[in-house]
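Remember, predicted model here, so these are calculated numbers, not experimental data.
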Amino acid sequence: MAAYWFTASTSFANPAVTLGRSASDTFAGIRPADVPGFVAAQLLGAAAATLLFRWLVPALPERAPDLVVPNPEQTEEAS
């Protein structure tokens, strides 16, 4: 458990955590020079996941209004 929580490899999927770890001077931190590479990889991974999901479910933007169930409380407040 300690190896998971206190090593440099955890939570780098979040750019904010990457920036925070680069500012720390601990064994779990990373070098500030490596931050652009981490952030670029995170953004490329997000773009790849988005493209893959859009390829797997191409009709989602058109079907979304049919899939989303409105909240009756919010509908009453809006009227």
Exercise. Do you know which two heavy atoms are closest between Pro58 and Glu62, and how far apart they sit?
Worked result: O-OE1, 3.7 Å
Problem set entry | Atom pair CG (Asp34) and CZ (Phe38), whose distance is rounded to the nearest 0.5 Å | 6.0 Å
Problem set entry | Salt bridge present between Arg63 and Asp66 (N-O < 4.0 angstrom) | no
Problem set entry | Transitive ILVMFWY side-chain link Trp55 to Phe53, under 4.5 Å | yes
Exercise. Does Leu60 belong to the same Ile/Leu/Val/Met/Phe/Trp/Tyr cluster as Leu52, with side-chain heavy atoms less than 4.5 Å apart forming each link?
Worked result: yes
For this session: Looking only at non-hydrogen atoms, find the nearest pair between Ser22 and Pro32 and report the distance.
Result: O-CG, 3.7 Å
